[in-house]
2 protein chains.
Amino acid sequence: MAGSVGMSERALLGEDVRGVTATHGTAKARIERAALGLFATRGVDGVSTREIAAEAGLSEGSIYKNFDSKDALAETLFEAIHARLYALVKTAIAESADFEDAVRRVVAAYCDAADSDRTLFEYHLTHMFRFGQIDRPGRPDPTALIAARIAEAMTAGDCPDGDAEIKAAAALGVVLQPAAHRMAGRFSIAMASRADALARAALAAIQEA
Amino acid sequence: MAGSVGMSERALLGEDVRGVTATHGTAKARIERAALGLFATRGVDGVSTREIAAEAGLSEGSIYKNFDSKDALAETLFEAIHARLYALVKTAIAESADFEDAVRRVVAAYCDAADSDRTLFEYHLTHMFRFGQIDRPGRPDPTALIAARIAEAMTAGDCPDGDAEIKAAAALGVVLQPAAHRMAGRFSIAMASRADALARAALAAIQEA
DNA sequence: CGTTTGTGAGTGAGCGTTCACTTACCGCAA
DNA sequence: TTGCGGTAAGTGAACGCTCACTCACAAACG
C-alpha cells in the first residue's frame, strides 16, 4: 500500500535525512526531501507535482508509486515532524528533575529541532494552520503534553493557578515566534544560542499568564 | 486604476466593516468581506474567484473591475490589517506613561483586534508567512515598532540588555500563539478577558529573553 | 448621451492523476 | 553460467478538469 505512515516515517526519519539529495537515497526519501524544501518556502498549493518530480530527479509517476496523492505526501511530512516533536517533548519531560527543568529541556529540544533541520521545522511552522487542527483523536500532540505538565505543576504548587492551555500557548509562542521571525529574516543566529534565555522567558510567561 | 491601496483601505476599513454582508455595502467592500472570510478559513489558494463572487453575490468579472488580480485582492486585505495593527501599536506606545504601560496597552490592543474582527485577525495569523516578508522597505511594520520601543527601554535601563528583535518576537508570541490556539479550537474565551495576564507574561518574557 | 459598473460565457494554461509501457532485479531450474 | 518468469519500480505522454482572467455587451445613472 502506497504512502503508509510507517513506511514514510522510516524513509524520512530513519535515514540520515541531511544526506538525502536529488541524487542520493531511496526514491521515496528523495521525493520527501524535494517536496519538503519546496513546500516549506512556497506552500503546498504553490508547488506542482511536476516541480517536485524534477527536484527529486524522478518522474511524476513515481510520486504516485510512493504516495496516494500530493496531499497525502504533504500530510505525511507534517505528521513526521509532529510525531518527532511529540517524542522530543515526551522525553524532555520524562527526564526532567522538576518543573523548571522540564521547561528548560522542552525549550532546548524545540530550539535544537529548529536548528538541526530548519526546513522541516519551517514546514511545520508554515503549515500548522492547514494540518494542525486538533479534531483528529489519538494523534500525538506535543502541545497537549505541555499543557498537561503545566496543569500538574499547578496542582503541585510549582506554578500559579490559571488556564493551562493558555499558559502552554504563551510558552510555546515564546519559542515559535522567534523561530518564525528568524525564518522571515529578522535575525539569523541559531535558536540554540538563545535557548537558556528563551527558557527563562517561557517559564516567566507560564507563571504570569 | 483598479485595486489601489487607498481605495481598498477606505472600502474595507472606512465603513463599519461588520455591517458589510453579501447584500449590503459597495461591491468592493462586499468582495473584500467575502474573500476575507473564505481566505481566512481555507487559505488564498484553497478558494476560487468563482466562490468569492458567489459569496459576495456578484459576478466573477466584478472582482476584476475592482482589483487587478486575485493576488492583489489577497495582498490588499493583508496590508489593511497590517496597517491597522501598525496604527494601533503606534497609538498604544504614544499614549503610554512608561514601558510597562506601553506593553500593557500594546497587548490590550492586539487582544481587542483579535476579538473585534476575528476573521481579519485570523487571516493575518494564517497568512503572515505568505505576505509578511520584511524585504519591502517603507512598509508599516508593527513588529519593528515594538522592537524599537524595547531597545529604547533597554538604553533607559527599564529592561535588561539583550537582543531587542528576539525580545519583541517572544513578547508577540505570548499573544499570537494563544490567538492561534483559540483559532484552532483549543479554547474559546475572549482574548481581551486574558489581556492583563498576557501583558504580565509578555513583560516577563521581554525581561528574561 | 457618455461614463461607469456589472455581467457571465468563453479561453488557454496548468493542475493532479492515471496507465500502458519499459527497465531492473530477483530466485530458480536447466 | 545461462535463460526465464514474476514482480516491483519508474516513466512520461495523455486526460479530464478547474483555474484565473478576458471581453463584448447590458444596465444604471447623471
Side-chain angles (χ1 to χ4, degrees), chain A residues 1-4 6-8 10-12 15 20-36 38-39 42-78 127 130-131, chain B residues 1-4 6-8 10-12 15 20-36 38-39 42-78 127 130-131:
Chain A
M1 175 211 189
S4 79
M7 285 299 291
S8 294
R10 212 172 308 136
L12 186 66
E15 316 185 30
V20 176
T21 68
T23 47
H24 300 312
T26 67
K28 185 164 210 167
R30 277 158 59 191
I31 291 166
E32 287 174 339
R33 258 296 127 183
L36 183 63
L38 292 166
F39 287 169
R42 290 165 43 204
V44 171
D45 294 322
V47 174
S48 69
T49 49
R50 275 182 255 278
E51 284 177 279
I52 297 167
E55 180 76 16
L58 292 165
S59 68
E60 265 191 284
S62 68
I63 293 173
Y64 293 90
K65 278 281 196 286
N66 288 281
F67 298 93
D68 291 336
S69 66
K70 182 194 174 189
D71 227 61
L73 166 58
E75 204 171 315
T76 294
L77 295 175
F78 188 83
H127 289 74
R130 179 189 266 245
F131 299 112
Chain B
M1 176 213 187
S4 81
M7 286 297 294
S8 296
R10 211 172 309 135
L12 186 67
E15 318 184 30
V20 177
T21 68
T23 48
H24 299 311
T26 67
K28 184 164 212 165
R30 276 157 60 192
I31 291 166
E32 287 173 337
R33 258 297 127 183
L36 183 62
L38 292 165
F39 287 171
R42 290 164 44 204
V44 171
D45 293 323
V47 174
S48 69
T49 49
R50 275 185 258 276
E51 285 178 278
I52 297 167
E55 180 77 16
L58 292 165
S59 68
E60 252 190 296
S62 69
I63 293 174
Y64 292 90
K65 276 284 195 288
N66 289 282
F67 298 93
D68 291 335
S69 66
K70 182 193 176 190
D71 227 62
L73 165 57
E75 203 170 316
T76 294
L77 295 175
F78 188 82
H127 289 74
R130 179 189 266 245
F131 298 113

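Just so you know, these numbers use all the heavy atoms, side chains as well, and skip hydrogens, waters and symmetry mates. Numbered from 1 within each chain, the chains take letters A, B, ... in sequence-line order. In this text, all values refer to a predicted model and were calculated from it rather than measured experimentally.
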Problem - Worked verdict on E32(A) versus T76(A) for side chain to side chain contact (heavy atoms under 4.5 Å, CB included) - result: CA-CA 9 Å; E32(A) 287 174 339; T76(A) 294; 4.1 Å; yes
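- Remark: F78(B) engages H82(B), H124(B), F131(B) in a ring-ring contact (aromatic ring centres under 6.0 Å, His included) (not counting sequence neighbours).
- Between D45(A) atom CG and dC15(C) atom P there is a gap of 12 Å when expressed in whole angstrom units.
- Separating the OG1 atom in T26(A) from the CZ atom in R33(A) is a distance of 12.0 Å, to the nearest 0.5 Å.
- Taking atom CD1 of residue I31(B) and atom P of nucleotide dT5(C), one finds them 12 Å apart after rounding to whole Å.
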Identify all pairs in which a protein N or O lies below 3.5 Å from an N or O of nucleotides 13-19 of chain D, and state each distance.
none

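- Here the CG atom belonging to D68(A) is positioned 10.5 Å from the CD atom belonging to E75(A), to the nearest 0.5 angstrom.
- K28(B) forms a cation-pi arrangement with F67(B), by the criterion of a distance under 6.0 Å to the ring centre and an angle within 45° of the ring axis.
- Protein atom CZ of R30(B) is 11 Å distant from nucleotide atom C1' of dG6(C), rounded to whole Å.
- Considering every non-hydrogen atom in both E55(A) and L38(A), the closest pair reads CB-CD1, 4.0 Å.
- Between R42(A) and D45(B) there is no salt bridge, since no side-chain nitrogen of the basic residue lies less than 4.0 Å from a carboxylate oxygen of the acidic one.
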Could you run down the sub-3.5 Å N/O contacts of the protein with nucleotides 25-27 of chain D?
none

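- In this structure, the CZ atom of F67(A) is 16 Å from the C1' atom of dT17(C), given to the nearest Å.
- In this structure, the CG atom of D68(B) is 16 Å from the P atom of dA20(D), given to the nearest Å.
- Nucleic acid contact for L58(A): sugar-phosphate only, since backbone atoms but no base atoms lie under 4.0 Å from a heavy atom of the residue.
- Of the side-chain N and O atoms in Y64(A), none sit less than 4.0 angstrom from OP1 or OP2 of dT18(C).
- For S59(A) and dT11(D), the shortest distance from a side-chain N or O to OP1 or OP2 is below 4.0 Å.
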Problem - Intermediate values then yes/no, side chain to side chain contact (heavy atoms under 4.5 Å, CB included), N66(A) and R30(A) - result: CA-CA 11 Å; N66(A) 288 281; R30(A) 277 158 59 191; over 6 Å; no
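- Annotation: the span from H127(B) atom NE2 to L77(B) atom CG amounts to 9.5 Å, rounded to 0.5 Å.
- As rounded to whole Å, 14 Å separates atom C1' of dG14(C) from atom CZ of R42(A).
- Under the rule for a side chain to side chain donor-acceptor pair (under 3.5 Å), the partners of T49(A) that lie at least two apart in sequence or sit in another chain are E60(A).
- In this structure, I63(A) places its CD1 atom 10 Å from P of dT11(D), rounding to the nearest Å.
- Rounded to an integer number of Å, the gap from CG of D71(B) to P of dA20(D) is 10 Å.
- Every residue two or more places apart in sequence or in another chain that forms a side chain to side chain contact (heavy atoms under 4.5 Å, CB included) with S48(B) is listed here: R50(B), E51(B).
- Which of dC21(D), dG8(C), dT17(C) sits closest to the side chain of S69(B) comes down to dC21(D).
- Overall, the helix from dC1(C)-dG30(D) to dA30(C)-dT1(D) carries an axis bend of 10° between its ends, with five pairs at each end and the value rounded to 10°.
- Counting non-hydrogen atoms under 4.0 angstrom, A27(A) reaches the backbone sugars and phosphates but no base.
- Under the side chain to side chain contact (heavy atoms under 4.5 Å, CB included) criterion, S59(A) pairs with S62(A), sequence neighbours left out.
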